[in-house]
Every structure is written in C-alpha cells, then in structure tokens.
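Reviewing the structure listed below.
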Number of protein chains: 2
Amino acid sequence: MASYADGMSYHHGDLRRALLAAAAEAIAEDGPAALSLRDLARRAGVSHAAPAHHFGDKKGLLTALAAEGFEELAAALRQAWASTGSFLELGVAYVRFATTRRAHFEVMWRPDLYHADDPALVAARERSGEALYSGVADLPDGGAGGGRGQVRETGLAAWSLAHGFATLWLSGSLPDMPELPDEVARAVLRHLTHDV
Amino acid sequence: MASYADGMSYHHGDLRRALLAAAAEAIAEDGPAALSLRDLARRAGVSHAAPAHHFGDKKGLLTALAAEGFEELAAALRQAWASTGSFLELGVAYVRFATTRRAHFEVMWRPDLYHADDPALVAARERSGEALYSGVADLPDGGAGGGRGQVRETGLAAWSLAHGFATLWLSGSLPDMPELPDEVARAVLRHLTHDV
DNA sequence: CGGGGAATCTTGTCAGTGACAAGTTTGGAG
DNA sequence: CTCCAAACTTGTCACTGACAAGATTCCCCG
C-alpha cells in the first residue's frame, strides 16, 4: 500500500503528513478513544515504532493534529470575515469547520489528550482566538453599549452558541438534521443578541 | 481501603456503586481517556475481573455512568424549573450540573464511549430532553411567534448556548474564570433572544 | 433448618497497545 | 568518498480489556 513518491523505500518520505491524515480519518470514524499508533503505522506501511520518531508519543501526535486544526480554523475564520464582513457568517464558518474537519475539532477541545503547553499549539490557538473575536466589535452598538467587558461577554456568548451547536451536532444529539447544517446553524446563531 | 458494611468479605456488598463513584472521580481528574477498569478494581479492593461482572465491559460501565448523569440532569432541571419558573435559570442549572458533575457530563455527550442504544440510557436521555424543553414555551411570544418550528429553534439555540458555555468552561478554554461560573453563565445566557 | 441454584467475585490467560532501547539503512554535507 | 545525522526497524516490557473457568457466598424454597 501507500504509493508515495517512487515506490516503497526505507525512508517513507512524507510519513509525518501521512500519519496525521490517517489519524484524522481514524478519529472521524471511531473517535479519539479508539486511536492506535500501531494501527496508524500499519496503514502507512511502516513499523510500529516509526510514529514515535516524528511525534515522540501519542500525545505528541495529537498535539500536532490540534495545532493543525487551530491553524485551519484561524484561516477559515479570517477568510469568512474578509469575504462577508458578517459576524453571523463568522459563526457559520466556525460550525462548518467543526463539521467538515470533525477529527481536528474534536481533539482541539480535549486538552487532556495532548500537550496543551506546546509552543506551536499555543501560538496557533491564539491566532484562532484573535480571528474569532475579530468581528465582535462590529456588532451594532457593540463597542458603545458597555465598554470592553461588554464586548468580551458578547463574544463569549457568540462563541458559546456556535461551539455548543457544533458540539451537539457532532455528538449526534440533534436528530433529523441535514447532512450539512449550515442553514440550521445560521438560524440558530440569529438568536444571539448584543443588548442585554 | 473501602470500609463498607462490616469489613472486607468475598462479597463487596456495593461494588457497582463503588465502581461508578471511583470512575467519576478518576474521570474528573484525568479525563475519560485515562480511565482503566483494572485501576478502578484496585481502588475498590477487588480483583481485576470484578467490574466485568456488573457492567460487561468498559463501555457498559460508561453506559451506566452516562445514564446516571442523564437521570441527575433531568432531576436538576425539573427542580430548577419548579422552584424558579425561569427559563434563564434552567440554563444556569444546566451549566451548574456540567461543572459540579463534570465526569458524568463529559461522558454523556460522547456516545462513542458507551452503548448509545441501551434502553435505560435512552429513557433517561429522553427524560432529560423533556425537562430541558419544558421551559421553552414559556418564553415571551414563544408559542405565538412562529409555531412549533419556532419553539424548537429557540430551544435549540438555548440548549446550544448553555451547552457551549459549559463545554468551553470544562475544556479550560476560558481563562480567568471564577471557581463556580454561575454568575458568568447567567450573564452569557441573557444574550439569547427569542425573536429573530 | 438445610440443600441447591444463582449471584458475586477470583485466578489465569491472551492479544493488543504505548513506550523505550538498541541496532540498521539512507541521504547529504563537506 | 567519508562520515554523521535523520529516518526507520526489530525487540522488549508493563499494562490493559476481554474472556474462560473455578471458588465462595447469599438466599429462596422446601
């Protein structure tokens, strides 16, 4: 298996990337709990100890996966904000990321699974946070109503709403949902108000 | 260890309950991923195979834990609704349950960890759902605005908001938070609106 | 009271897993 | 061409979950 580059060789060539992709696939299917480093190695056609060389241990691999996820989320949010300028669409993009990059999203919010103090991960997470809060000030009367505390609270409420919907959707708690819940998410997110 | 009843004997006496309590404690400390049946057995002072008799397998134990959680959540929500009659306080009670019964809550929304079709669990989950939606119709103009679909959507938004805040809090994504986030939760939940 | 079935718990075992140690192969800089 | 470092392998160990078979205890029914 694995038709990478020019046939099988002692050096895989792109093992790190292959392992991350295989991990994302496996997690999306059976959840993070069922993930096995040895199974990933088998899928990639390498020995059982090969993954350790790139990631150290299991938490190391999930750290890389989470960091990748935070990077992608930041990019998706920036893109949504740049192209629509709508706070609502920022939330929709958040939900879309959760549903399309399910494995990454699930790992990202489970810090007990990875090395939460990894520098690269921390940086990526902060970039996500900035992108997430970039649109808060744009809410009508967002900055005027009650100062910075008010902005922060509204942002937290928006984040909670989008995050909660995504989480419930991923857990299968919402029956009778369409394949891609973008439209439902939009409707739900509209229930956020800035003035309390 | 384990000063149950009248000293140690071949029959533990209340092993099932002891295992569930130990599991909740272990999960609250290190997350569901680190849970070990053999470790639970050691804590309870029984052999490594004793848990299997009561729960079948690991998923069986987590099924029981999740069912217990859904029962408790339903009770807490009913209690909150009965004593306050406030939709807002229903959400606060939801968040309080998540933070005070952390282990149960975390497992409940991770169906890949348990037998999601277990009859007792399904029943308990439905009781939770009923208690959760019991207050939706009470929202101002909740029933009049747009019929059943509107009520369902508002309920989903409220659930998402409370669930998202609780989840983010549990994941440690919200720095600078008080020990018990009741008051913050109340403030955040006030950002829900029924009219879109 | 007392026999016996059933519930509870034990010991023993097996394959799979993550982590680590030590050795092998390969690429590439000088 | 040499040699070093990176990439990967084989080998091993403790631990885990699951299962099988046996031991102990409870309690119901006569």
Side-chain angles (χ1 to χ4, degrees), chain A residues 1-23 26-27 29-66 107 110 112-115 118, chain B residues 1-23 26-27 29-66 107 110 112-115 118:
Chain A
M1 45 197 80
S3 59
Y4 288 89
D6 38 21
M8 300 280 287
S9 69
Y10 201 96
H11 281 79
H12 180 285
D14 205 5
L15 182 56
R16 185 188 159 91
R17 193 179 305 270
L19 287 173
L20 284 174
I27 292 174
E29 286 172 8
D30 304 319
L35 188 67
S36 154
L37 286 184
R38 289 171 110 100
D39 184 51
L40 293 184
R42 278 189 291 268
R43 293 198 199 197
V46 294
S47 80
H48 66 251
H53 181 71
H54 291 277
F55 301 104
D57 55 2
K58 195 177 188 176
K59 280 194 172 185
L61 187 149
L62 292 176
T63 304
L65 196 72
V107 173
R110 204 149 301 152
D112 56 305
L113 294 183
Y114 55 83
H115 301 298
D118 178 87
Chain B
M1 51 199 76
S3 59
Y4 288 89
D6 37 22
M8 300 279 288
S9 68
Y10 199 96
H11 281 76
H12 180 285
D14 207 5
L15 182 57
R16 185 188 160 91
R17 193 179 306 269
L19 288 172
L20 283 175
I27 292 174
E29 285 171 10
D30 305 319
L35 187 68
S36 154
L37 286 184
R38 288 172 109 101
D39 183 53
L40 292 185
R42 279 189 289 268
R43 293 198 199 198
V46 294
S47 80
H48 66 248
H53 182 70
H54 290 276
F55 301 105
D57 56 2
K58 195 175 187 176
K59 281 194 173 186
L61 186 148
L62 293 177
T63 304
L65 196 72
V107 173
R110 204 147 301 155
D112 56 304
L113 294 183
Y114 55 83
H115 301 298
D118 178 87

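Only heavy atoms go into these numbers, but all of them, side chains included; no hydrogens, no water, no symmetry mates. All values reported here derive from a predicted model rather than from experimental measurement.
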Starting at atom [atom1] of [X], determine the distance to atom [atom2] of [N], rounded to an integer number of angstrom.
X	N	atom1	atom2	value
A/Leu15	D/dT9	CG	P	8 Å
B/Leu37	D/dG17	CG	C1'	7 Å
A/Asp39	C/dT17	CG	P	7 Å
A/Asp57	C/dA21	CG	C1'	16 Å
B/Leu40	C/dC9	CG	P	14 Å
A/Leu35	D/dT16	CG	P	19 Å
A/Phe55	C/dG18	CZ	P	14 Å

I want to check one thing: is the phosphate of D/dA6, taken as OP1 and OP2, less than 4.0 Å away from some side-chain N or O of A/His54? no
Side-chain N or O of A/His53 versus OP1/OP2 of D/dA7: is the shortest distance under 4.0 Å? yes
Donor-acceptor pairs under 3.5 Å, side chain of residues 56-65 of chain B to any protein atom, not counting sequence neighbours: which ones?
residue: B/Asp57; atom: OD1; partner: B/Gly60; partner atom: N; Å: 2.9
residue: B/Asp57; atom: OD1; partner: B/His115; partner atom: NE2; Å: 3.4
residue: B/Lys58; atom: NZ; partner: B/Leu35; partner atom: O; Å: 2.9
residue: B/Thr63; atom: OG1; partner: B/Lys59; partner atom: O; Å: 2.6
residue: B/Thr63; atom: OG1; partner: B/His115; partner atom: N; Å: 2.9

Taking all non-hydrogen atoms of both residues into account, name the closest pair between [X] and [Y] and its distance.
X	Y	value
B/Leu40	B/Ala26	CD2-CB, 4.5 Å
B/Ala44	B/Leu19	CB-CD2, 4.3 Å
A/Val107	A/Ala66	CG1-CB, 4.2 Å
B/Pro32	B/Leu113	CB-CD1, 3.9 Å

Hey, what are the protein-to-nucleotides 21-26 of chain D N/O distances that come in under 3.5 Å?
residue: D/dA23; atom: N3; partner: B/Tyr10; partner atom: OH; Å: 3.0

Results of side-chain hydrogen bond (donor to acceptor under 3.5 Å, both in side chains) for A/Asp30 - residues two or more places apart only: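 Not a single residue meets the side-chain hydrogen bond (donor to acceptor under 3.5 Å, both in side chains) criterion with A/Asp30.
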For residues 47-55 of chain B, which side-chain N or O atoms pair as donor and acceptor with protein atoms under 3.5 Å away, sequence neighbours left out?
none

Atom pairs under 3.5 Å, N or O on each side, protein against nucleotides 10-15 of chain D: can you list them with distances?
residue: D/dG11; atom: O6; partner: A/His48; partner atom: NE2; Å: 2.8

Report for the helix from C/dC1-D/dG30 to C/dG30-D/dC1: angle between first-end and last-end helix axes, five pairs each, rounded to 10 degrees. 10°
